[in-house]
Number of protein chains: 2
Amino acid sequence: MERGAAGGETVGSDETLFAIAEQLRESDGAGVTELADRLGLAKSSVHKHLRTMVEHGYAVNRDGTYHVGLEFFRVGEYTRDRYEVYHAAKGPVDALAAETGEMVWLIVEENGRAMYLYGSRGDAEISLESIVGTWRHLHVNSGGKAILATLPETEIERILDRHGLPMRTENTVTDREELRAELAAVRERGYAVNRGEDVEGLHALGAPIRHDGVVHGALAVAGAARRFTRDDRETDLAEHLLTAVDDVEVNLAYQ
Amino acid sequence: MERGAAGGETVGSDETLFAIAEQLRESDGAGVTELADRLGLAKSSVHKHLRTMVEHGYAVNRDGTYHVGLEFFRVGEYTRDRYEVYHAAKGPVDALAAETGEMVWLIVEENGRAMYLYGSRGDAEISLESIVGTWRHLHVNSGGKAILATLPETEIERILDRHGLPMRTENTVTDREELRAELAAVRERGYAVNRGEDVEGLHALGAPIRHDGVVHGALAVAGAARRFTRDDRETDLAEHLLTAVDDVEVNLAYQ
DNA sequence: GACGGTCGTTCGCCATCAGGAAACGCAGTT
DNA sequence: AACTGCGTTTCCTGATGGCGAACGACCGTC
């Protein structure tokens with residue numbers, strides 16, 4: 001069995017389990033044979049894992065095909081709810097979205113990656129659900145850069161070593177020195193800027209949420225590049241963003 | 001290693017993994033030693049599992065203690081979003097909550113248990129988050145009973161064999177015959193009633209959501225027993241409930 | 001500033017069990 | 001009625017998950 005990347009021993013069966021879950025997700029449900037083929041495993045092995053997963057609610061068999069189970073949802077909800085910043089930021093995020101008419105996000109960092117924990121938009125609340133619950137590299141995300149800028153140099157180094165600086169668009173910062181310079185600017189400015197570095201034509205501003213000397217996450221405002229580059233729209237948005245962050249920090253202070 | 005309950009072979013390492021995740025959740029984060037003690041495992045084993053989990057985002061080490069990771073949230077969000085009925089029911093649930101001023105839930109069944117997939121309440125949207133993402137036995141839940149009533153007798157039998165009829169309050173139906181009679185009444189009436197069978201003083205009505213001859217879940221209205229037993233409040237609520245279900249079914253039909 | 005105590009982590013060994021191959025049983029199809 | 005493709009079961013075996021012990025880092029305490 002192929003083992004995990006360098007960095008010590010891992011449990012092979014766990015990795016098989018994760019691979020099965022991921023494959024079930026990617027293919028929106030699958031059968032034993034399909035999974036075994038795609039993962040290069042014996043049908044019997046896959047079957048044994050699936051039975052274990054079903055027994056614990058991590059998988060279901062709906063009329064013949066296996067799917068990921070709602071136990072993931074249960075643990076996932078818990079994981080999100082445990083972030084105090086989620087509860088503290090919900091209100092301010094909605095408010096900021098209403099004020100600006102743009103999309104607003106709460107982003108947190110885990111293991112050197114950014115995850116969208118909550119989102120809202122001024123006009124409709126459409127299609128945000130496909131973003132919430134997804135990972136991003138820190139360097140292609142305004143919130144991610146805002147968080148990165150607050151970390152000590154050694155920590156930044158570790159993260160970059162682990163995840164690299166993969167390119168997403170023409171504008172992605174892929175050079176360490178360039179990133180380092182930008183993070184210095186972020187620290188200076190108080191917020192980070194993303195100019196289509198993840199998605200072409202999508203600009204964003206991000207600012208870190210601090211409490212008790214710890215970074216709890218970041219807020220980000222995102223919208224069409226066209227709007228963001230108009231006159232002093234950026235400074236205006238930044239003003240609103242930083243005020244919203246203040247609100248979140250106050251909420252954190254008062255539990 | 002202790003194996004899973006009767007019903008064929010399971011993967012022991014997977015069960016260890018699930019146990020670790022559950023323990024992390026129950027204790028809101030824990031260290032290697034604590035986990036090993038509680039689960040009766042060697043520290044080294046726990047450590048190896050944790051490393052694997054961290055590598056895949058299913059755990060994080062935040063300043064010395066391990067926690068469940070947001071990868072659970074990612075997969076969990078996907079699992080919920082894959083339920084068409086979730087998207088179809090959101091609007092109607094909110095509307096019904098506003099109309100009635102009571103709590104309204106979307107409930108789905110998986111592996112013979114009910115899970116709260118979404119909730120809303122008329123007045124404030126407080127404390128619903130602690131319910132969404134939790135399991136219930138079908139027989140103590142109005143939505144669960146509504147779903148159960150639609151299933152074929154053999155299926156009901158299988159579920160009762162697997163999960164039993166544990167008592168939650170004085171009012172819980174713990175007798176199979178009694179339950180069978182009640183399910184017949186549910187089929188007759190078109191909706192199920194819960195009179196404090198899960199939580200003392202909490203009554204509820206539940207009705208199944210059908211589409212293409214399949215049950216997709218159930219809606220439930222819940223509130224203080226005192227209000228529910230007043231005059232013809234029940235028939236009035238039932239009317240609203242069944243109308244909301246119709247709306248969901250229409251949404252399902254039109255994608 | 002030496003000392004237990006406690007923790008996370010690493011190491012090496014061994015019995016177990018996760019994974020493989022093949023066969024079985026059941027549908028639906030030809 | 002033979003065929004095909006599926007999920008499931010059975011049996012076997014060598015890789016590996018789990019163990020115990022040791023290590024090293026970090027405590028507060030005396």
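Small disclaimer: the values here were computed from a predicted structure and weren't measured. In what follows, every chain begins at residue 1, and chains take the letters A, B, ... in the order their sequences are listed.
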Identify each atom pair where a protein N or O and an N or O of nucleotides 3-8 of chain C are less than 3.5 Å apart, giving names and distance.
from: C/dG8; atom 1: OP1; to: B/Val32; atom 2: N; distance (Å): 2.9
from: C/dG8; atom 1: OP2; to: B/Val32; atom 2: N; distance (Å): 3.4
from: C/dG8; atom 1: OP2; to: B/Thr33; atom 2: N; distance (Å): 2.8
from: C/dG8; atom 1: OP2; to: B/Thr33; atom 2: OG1; distance (Å): 2.5
from: C/dG8; atom 1: N7; to: B/Lys43; atom 2: NZ; distance (Å): 3.2
from: C/dG8; atom 1: O6; to: B/Lys43; atom 2: NZ; distance (Å): 3.3

Identify, with sequence neighbours excluded, every residue that meets ring pair (Phe, Tyr, Trp, His ring centres under 6.0 Å) alongside B/His67. none

Over the length of the helix from C/dG1-D/dC30 to C/dT30-D/dA1, how much do the five-pair end axes diverge, rounded to 10 degrees? 30°

Between [N] atom [atom2] and [X] atom [atom1], what is the distance in whole Å?
X: A/Asp63; N: D/dC6; atom1: CG; atom2: P; value: 17 Å
X: A/Leu17; N: C/dG19; atom1: CG; atom2: C1'; value: 15 Å
X: A/Ile20; N: D/dG7; atom1: CD1; atom2: P; value: 13 Å
X: B/Glu15; N: D/dG18; atom1: CD; atom2: P; value: 11 Å

Run the side chain to side chain contact (heavy atoms under 4.5 Å, CB included) test against B/Glu34 and tell me which residues pass, sequence neighbours left out. B/Ser27, B/Ala30, B/Arg38

With the threshold set at 4.0 Å, does a side-chain nitrogen-carboxylate oxygen contact exist between [X] and [Y]?
X: A/Arg74; Y: B/Glu22; result: yes
X: A/Arg136; Y: A/Glu109; result: no
X: A/Glu9; Y: B/Arg51; result: no

Using 30° and 60° as the class limits, which term best fits the ring planes of A/Tyr58 and A/Phe72: parallel, tilted or perpendicular? perpendicular

Plane angle bin for A/His56 and B/Phe18 - parallel if under 30°, tilted between 30 and 60°, otherwise perpendicular: tilted

For nucleotides 28-30 of chain C, which of its nitrogen or oxygen atoms have a protein nitrogen or oxygen under 3.5 Å away, and what is each distance?
none

Short side-chain to backbone donor-acceptor contact, B/Glu249 and B/His211, under 3.5 Å: no

Of the candidate nucleotides [options], which contains the atom at the shortest distance from the side chain of [X]?
X: B/Lys48; options: C/dC11, C/dA18, D/dG17; result: D/dG17
X: A/His49; options: D/dG18, C/dG19, C/dC11; result: C/dG19
X: B/Ser44; options: D/dG18, C/dC11, C/dG20; result: C/dC11

Without placing hydrogens or testing angles, list every side-chain donor-acceptor pair under 3.5 Å for residues 184-191 of chain A, not counting sequence neighbours.
from: A/Arg187; atom 1: NH1; to: A/Ala149; atom 2: O; distance (Å): 2.6
from: A/Arg189; atom 1: NH1; to: A/Tyr191; atom 2: O; distance (Å): 2.8
from: A/Tyr191; atom 1: OH; to: A/Glu234; atom 2: OE2; distance (Å): 3.2

Salt bridge (Lys or Arg N to Asp or Glu O under 4.0 Å) assessment of A/Arg176 paired with A/Asp161: CA-CA 10 Å; A/Arg176 289 206 181 198; A/Asp161 286 346; 2.9 Å; yes

Can you tell me if B/Trp135 and A/Glu71 form a side-chain donor-acceptor pair at under 3.5 Å? yes

Are A/Ser13 and C/dA18 close enough that a side-chain N or O sits under 4.0 Å from OP1 or OP2? no

